[in-house]
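All values below were derived from every heavy atom in this structure, side-chain atoms included, with hydrogens, water molecules and symmetry-related copies excluded. Naming convention: chains lettered A, B, ... in sequence-line order (proteins, then strands); numbering from 1 in each chain. This is a predicted model, so every value here is computed, not measured.
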Protein chains: 2
Amino acid sequence: MREFLRGAVRLHILHHAAEQEIHGAWMTEELARHGYAISPGTLYPTLHRLEADGLLVSEQRTVDGRVRRVYRATEAGHAALAEDRAALAELAREVLPKQS
Amino acid sequence: MREFLRGAVRLHILHHAAEQEIHGAWMTEELARHGYAISPGTLYPTLHRLEADGLLVSEQRTVDGRVRRVYRATEAGHAALAEDRAALAELAREVLPKQS
DNA sequence: AATCCGATATCGGCTTCCGATACTACCGGC
DNA sequence: GCCGGTAGTATCGGAAGCCGATATCGGATT
């Protein structure tokens, strides 16, 4: 059984897409940097889903002669991020002992 | 797409099973109290999985003439709880702004 | 012994996961 | 201007998980 990886990935994506443009490969690295190994078979469908749900918008862009699909959070994406953060904070309050 | 409900449920279960005996119906209420609506079709398989993974042990017990299956966390369950808490804390540190 | 009730278990259809593989577009070398 | 390399994205297919609905179970009540 996997822990809350799914939610963590979603949160990270929204978190970063809310303040800068992201793209799949970069997101993969960023997540790996935080210890989350995500396979392309999970990441790309997740991005597509977030876009289909209206939380992200994407645009094809060419950078250094490479084609990328860059994403940014929509207004709804920002709202969803805020909600998720609140849920996370509450969860932390509930099951985390005292605290830093 | 669902947020980190799955992980939250797991965490809550381990959290409570680590300090007292729990049973399915009670856990359902407790989760509902915190805003998590979980269906029996999710909860019971989850409990079974946690037990199959050696994180919980169960025992049939009769309380007030009602049969319950009560669960407690094993040693491995406590360890898993600690890990999950650490992961949660790190996630919170990463994506939560400053602090409450 | 029939019924009720709290509690647990299972079923079926759907969504999601994720490793592997394929595709696309651009590059440099020659 | 073809060829292999490479970065990045997409898809496929089997397995796992989700969850509403329904079934089952065991003790209590009458």
Side-chain angles (χ1 to χ4, degrees), chain A residues 1-14 16-17 20-33 35-53 55-72 80 84 87, chain B residues 1-14 16-17 20-33 35-53 55-72 80 84 87:
Chain A
M1 189 198 208
R2 221 41 259 120
E3 26 211 308
F4 34 44
L5 287 209
R6 212 200 316 192
V9 165
R10 173 190 159 109
L11 215 34
H12 266 102
I13 290 174
L14 288 175
H16 287 109
Q20 67 188 279
E21 284 185 350
I22 63 168
H23 60 108
W26 180 85
M27 203 62 229
T28 299
E29 283 174 34
E30 173 67 15
L31 286 168
R33 202 172 304 137
Y36 300 101
I38 189 168
S39 94
T42 300
L43 179 63
Y44 289 105
T46 297
L47 288 171
H48 298 165
R49 222 172 14 249
L50 288 173
E51 182 167 22
D53 289 350
L55 307 184
L56 297 180
V57 280
S58 76
E59 178 188 346
Q60 199 126 324
R61 176 158 318 165
T62 299
V63 177
D64 279 340
R66 301 285 176 218
V67 177
R68 286 179 183 171
R69 178 162 293 274
V70 298
Y71 292 86
R72 288 198 66 89
D84 285 6
Chain B
M1 187 198 211
R2 219 45 256 119
E3 26 210 307
F4 35 41
L5 287 210
R6 213 199 315 190
V9 166
R10 172 191 158 106
L11 216 35
H12 265 102
I13 290 174
L14 288 175
H16 287 109
Q20 65 187 279
E21 285 185 347
I22 64 168
H23 60 108
W26 180 86
M27 203 62 229
T28 298
E29 282 174 33
E30 173 66 16
L31 287 167
R33 203 171 303 139
Y36 301 100
I38 188 168
S39 94
T42 302
L43 178 64
Y44 289 104
T46 297
L47 288 172
H48 298 168
R49 217 166 26 244
L50 289 173
E51 181 168 24
D53 290 351
L55 306 185
L56 297 179
V57 281
S58 76
E59 179 188 345
Q60 198 126 324
R61 177 158 319 164
T62 300
V63 178
D64 278 340
R66 301 287 176 217
V67 177
R68 287 177 181 172
R69 178 161 296 272
V70 298
Y71 292 86
R72 288 199 67 88
D84 285 7

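- Of all heavy-atom pairs spanning A/Q20 and A/R72, the tightest one is C-NH1, 3.4 Å.
- In terms of the side chain to side chain donor-acceptor pair (under 3.5 Å) criterion, A/E29 has no residue partners (sequence neighbours excluded).
- Per the geometry, CD1 belonging to B/I38 stands 9 Å off C1' belonging to D/dC19, to the nearest Å.
- Scored by the salt bridge (charged side-chain N to carboxylate O under 4.0 Å, His left out) test, B/E30 finds B/R33 as partners (sequence neighbours excluded).
- For the pair A/R10 and A/L55, the tightest heavy-atom approach, listed with the atom from each and the gap, is NH2-CD1, 4.1 Å.
- Comparing D/dT9, C/dA9, C/dA7 against the side chain of A/R69 picks out D/dT9 as the nearest.
- Not counting sequence neighbours, the partners of B/E21 by the salt bridge (charged side-chain N to carboxylate O under 4.0 Å, His left out) test are B/R61.
- In this structure, A/L56 places its CG atom 13 Å from P of D/dT9, rounding to the nearest Å.
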For nucleotides 25-30 of chain D, 5' to 3', base contacts (B), sugar-phosphate-only contacts (S) and non-contacts (-) with protein non-hydrogen atoms under 4.0 Å give -BBS--
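- Between B/P45 and B/E29, the residue anchored closer to the 5' end of DNA chain C is B/E29, taking for each the nucleotide with the nearest heavy atom.
- Nearest to the side-chain atoms of B/S39 among the listed nucleotides C/dC18, C/dA7, D/dG20 stands D/dG20.
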Under 3.5 Å, sequence neighbours excluded: what are the donor-acceptor pairs made by side chains of residues 36-44 of chain B?
from  : atom 1 : to    : atom 2 : distance (Å)
B/S39 : OG     : B/G41 : N      : 3.2
B/S39 : OG     : B/T42 : N      : 3.4

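- Two residues are said to be in side-chain contact when any heavy atoms from C-beta on lie closer than 4.5 Å; A/H16 and A/W26 meet this criterion.
- Shown are B/E51, B/H23, B/E59; of these, the side-chain contact (heavy atoms from CB on, under 4.5 Å) with B/Y71 is made only by B/E51.
- Considering CG of B/L47 and CD1 of B/I13, their distance stands at 4.5 Å, rounded to 0.5 Å.
- In this entry the distance linking CD of A/E59 with C1' of D/dT9 reads 16 Å, nearest Å.
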Are there any protein N/O atoms within less than 3.5 Å of an N/O atom in nucleotides 28-30 of chain C, and if so, which ones and at what distance?
none

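- For D/dT9, the OP1/OP2 oxygens have a side-chain nitrogen or oxygen of A/Y44 closer than 4.0 Å.
- Under 4.0 angstrom from either OP1 or OP2 of D/dC18 there lies at least one side-chain N or O belonging to B/R49.
- For A/L50 and C/dT15, the CG to P distance is 17 Å, given to the nearest whole Å.
- Here A/T42 reaches the OP1 or OP2 of C/dC18: one of its side-chain N or O atoms lies under 4.0 Å away.
- Rounding to whole angstrom units, CG of residue B/L5 and P of D/dC19 are separated by 7 Å.
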task: Would you please test B/Q60 and B/V67 for side-chain contact (heavy atoms from CB on, under 4.5 Å) and show each step?
output: CA-CA 7 Å; B/Q60 198 126 324; B/V67 177; 3.4 Å; yes
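- Between A/R6 and C/dC17 there is a side-chain N or O to OP1 or OP2 distance below 4.0 Å.
- In this entry the distance linking CD of B/E21 with P of C/dA7 reads 15 Å, nearest Å.
- Between the NE2 atom of B/H48 and the P atom of C/dA9 there is a distance of 4 Å, rounded to whole Å.
- In this structure, A/R68 atom CZ and C/dC27 atom P are separated by 13 Å, rounded to whole Å.
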